[in-house]
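Just passing along the structure, written as C-alpha cells.
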Amino acid sequence: MSSGDRPAAVLFDMDGTLVDTEGLWWDACVEVADGLGLPLGEADREALFGLSVEDAALHITNALHIAGASEARPVEAMLTDAFTTRLESGVTMLPGAVALLEALRAAGIPAGLVSASPRPVVDLVLETVGGHRFRLSVAAGDSARNKPAPDPYLAAAARLGVDPAACVAIEDSPTGVASARSAGCAVIVVGPAGAVSGVTAVPTLESVDLPLLRGLVPDPAAVTRRP
C-alpha cells in the first residue's frame, strides 16, 4: 500500500458528524418523553447524546420505571417516527463535510456511512446529502449489535474488504468513539466530545484533510522494513 492509498477507507458517523441533526434528535426525544409524562432535563440531554434509538428508548423507559426490552420497543418506534418527521424537512451538512467527501472521492478513497440510526432515518438523510458520495452505509440492525459495540464498524470494513486498522473513523460522541476504537480503527472526534487518549480531536470537519487522514494510518511497507 502506497502513501497515496492510505487510509483504506474513511468511515463517517452521521448525526452530528456529517449532518446537523442533534437538535432534531433532542426535540424528538422531548416530544416522545413528554407524551409519556416524563419531562427531560439537561442531564437527560447529555445522556441521550450519541445514543442509538434502542438505548434512548431504554433510557426513557428506565426513567419511567418500566424497564425492559419489550416495554422499550414501542418507544423506539415513537422516537424513530418523531425523528423521521423532523428530517423530512431536510438536513444541513456540517461545515467541511462536502469538501472532505469530494476530496476522498478524487483520491479514490472509499467513504462509508456508519450510523446508529435506523435504516429509514439513514436512507432519508442519504437522499438529502447524496448517497453517491458513499460506497456503503451501515444502519441500526445491519450488524448484530449497535454502537458502542464494534460491530457496525467491523461490518463496514468487512463489506469493503479492508482491515479496520487501515480505516479512519470520524465520530462526534463518546458512544461512537468507543465503537470505532474497539473495532480497531484510527479515530477522529469532531467537536466538544471531550478529550480521549489516543483519539485525534478537531473542532470541525474543515480541519480534516488527506495528509491528516494518511498520517493516522501506518504505512504497512514501513512497518515491514523495521528491524
Side-chain angles (χ1 to χ4, degrees), residues 1-19 50 93-116 129-139 142-143 145-227:
M1 181 182 289
S2 69
S3 61
D5 295 325
R6 304 195 324 266
V10 178
L11 307 175
F12 292 86
D13 171 56
M14 186 177 77
D15 298 304
T17 300
L18 278 175
V19 290
M93 296 283 276
L94 287 166
V98 172
L100 178 55
L101 287 166
E102 291 303 318
L104 292 173
R105 184 162 64 169
I109 298 172
L113 191 65
V114 181
S115 177
V129 305
H132 64 282
R133 293 190 167 109
F134 302 92
R135 188 74 57 87
L136 58 77
S137 64
V138 174
D142 290 344
S143 56
R145 297 173 297 174
N146 209 337
K147 300 176 186 179
D151 303 40
Y153 280 101
L154 293 175
R159 285 172 55 187
L160 288 170
V162 298
D163 183 349
C167 299
V168 177
I170 304 182
E171 279 280 356
D172 78 315
S173 72
T175 300
V177 168
S179 175
R181 291 193 73 186
S182 59
C185 302
V187 181
I188 294 174
V189 62
V190 183
V196 180
S197 175
V199 171
T200 300
V202 297
T204 72
L205 289 176
E206 293 170 303
S207 301
V208 181
D209 57 17
L210 295 180
L212 173 61
L213 292 167
R214 286 170 176 149
L216 294 175
V217 178
D219 184 345
V223 173
T224 301
R225 288 194 297 269
R226 288 177 185 171

Nearest atoms (heavy-atom pairs only) where V187 meets A180: CG2-CB, 3.7 Å
For N146 against A116, the heavy-atom pair lying closest together: ND2-O, 3.1 Å
Shortest non-hydrogen separation from P148 to S182 and the atoms involved: O-OG, 3.9 Å
Heavy-atom pair of closest approach, residues V114 and P152: CG1-CB, 3.6 Å
Pairs satisfying side-chain hydrogen bond (donor to acceptor under 3.5 Å, both in side chains), at least one member in residues 198-212, at least two apart: T204-E206
Test item: K147 side-chain N/O and G50 main-chain N/O as donor-acceptor pair under 3.5 Å: no
Non-hydrogen side-chain atoms of L18 and L205 separated by less than 4.5 Å: yes
Value rounded to 0.5 Å, distance of CG in D142 from OG in S115: 10.0 Å
For D151, side chain to side chain contact (heavy atoms under 4.5 Å, CB included) partners two or more places apart: S143, A144, R145, A149
Salt bridge (charged side-chain N to carboxylate O under 4.0 Å, His left out) contacts touching residues 179-190 (sequence neighbours left out): none
Side-chain polar contacts of residues 94-106 - donor-acceptor pairs under 3.5 angstrom, sequence neighbours left out - could you list them?
residue	atom	partner	partner atom	Å
E102	OE1	R105	NH2	2.9
E102	OE2	R105	NH2	3.3
E102	OE2	R133	NE	3.2

L212 and I188: CA distance, side-chain angles, deciding distance, side chain to side chain contact (heavy atoms under 4.5 Å, CB included) verdict: CA-CA 10 Å; L212 173 61; I188 294 174; 4.1 Å; yes
Pairing residues for T17 by the side chain to side chain contact (heavy atoms under 4.5 Å, CB included) criterion, not counting sequence neighbours: D13, I170, D172
N/O donor-acceptor pairs under 3.5 Å from side chains in residues 153-165, not counting sequence neighbours:
residue	atom	partner	partner atom	Å
Y153	OH	E171	OE2	2.6
R159	NH1	S137	O	3.1
D163	OD1	A165	N	2.9

